Amino acid sequence: MTMTTTHQLGHIHRLGTILGLWAHPDDEAYLSAGLMALARQQGQRVVVVTATSGERGTPDPARWPPARLGALRRREMAASLAALGVTEHHWLGLPDGRCDRADPDRVVARLVEFVERAGVDTIVTFGPDGMTGHPDHRAVSAWATAVWQATGRRIRLLFATVTPQFHARWGAINDDLGIWADLDEPPCTEQDDVAVTVQCAPEVLERKLHALRAHASQTSTMIDRLGAATFQQWWATESFVDASLLYAAAPSRGSTGSTRSAESLGVA
Ligand SMILES: [Zn+2]
C-alpha cells in the first residue's frame, strides 16, 4: 500500500457514516463510487438516498415509458451499489425532472429525521450548481444544505466538484458531450480548496467501472462512444469541497449571514 493510499484512507475513515444524497440512479456512481467502495472496504456505513428512479432518462420514451424505465433503473441501481459493497439504499419516490417542485420543507424534515436516526456523520452530494446544472441536482443540493443547517452544521457536508486539472484533461470530451450545457460557468474548485480527493487505484477503478456499467441504460452508449478505457479514466478522480469552506467564503458576518447565504440557494 502506498503512502498516498494510506493517507487517502485516513481521510475517508474520518468521514464516519456517510450518506450519499443524489437525484437519479447513476449520479452516485459517477461522482462517488470510489469513495463509497473505499469506505465500505474499511467497514464504514454507507447509505445512499436517491430522489427519483430516473424514469424519464431516455431519448426514446415511446420504447421506454416511465414505468418500464423506472423499474429497469431500480434494478440497475441495486446491481451498481452491490458492486461497491453498499447494502443500504432508499428512494424518495419523487418524479424525475420535478424535484424542484417538491415541497422542500417536507423533504428536508424527512431527511433530517433520517440523518439523526441513522447517525450520519457526513453527507455527500452535488454542489449548489448541481455539477451539471440539472434542476433536480440543484434541488437535491439545496435540501442537503438545509439539512446541514437544521442539524446546526454538526454533520459534515461535502459537495462533489471538479478541478482545473479535470478541465485541462477532459475539456474536449466534456464539451463534446455538452455536460456543462445548462451552466453559464462549469464547476471548478482549485486543488488547494478540495477537502477530499479520491484518486481511484486500479482495483477501485475496476469496481467503479463495474458500478457504472450496471447503469447500462444510461452508460452503455457513452462507453461505446468513448471506449471503456477512456470512460474509466474520465471520472477516476473524485473531488469534494467542504460546504463550510464555501459558505465561510461568502461575504457575510456571523452565523446569521451564513444561514442567509445558504437559504438564498433555495429550491430553483
Ligand atoms: Zn442526475
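Predicted model only: the values in this text are computed from it and were never measured. Atoms within a ligand are numbered from 1 in the order they appear, just like the ligands themselves. Throughout, residue positions are numbered sequentially from 1 according to the sequence presented.
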(message) Working to the nearest 0.5 angstrom, can you tell me the gap between Ile223 CD1 and Gln218 CD?
(response) 11.5 Å
(request) Identify, by name, the N, O or S atom of Asp27 lying closest to the Zn ion (ligand 1). (result) OD1
(request) Give a yes or no on whether His137 keeps an N, O or S atom under 2.8 Å from the Zn ion (ligand 1). (result) yes
(message) Closer than 2.8 Å to the Zn ion (ligand 1): does that hold for any N, O or S atom in Asp26?
(response) no
(message) Do Glu238 and Thr197 pair up side chain to side chain, a donor and an acceptor below 3.5 Å, judged on atom types alone?
(response) no
(request) With sequence neighbours left out, write down each residue that passes salt bridge (charged side-chain N to carboxylate O under 4.0 Å, His left out) with Arg40, or none if nothing qualifies. (result) none
(request) May I ask you to check whether Phe126 and Trp143 place their ring centers less than 6.0 Å from one another? (result) no
(request) Determine which of the N, O or S atoms in His24 is closest to the Zn ion (ligand 1) and give its atom name. (result) ND1
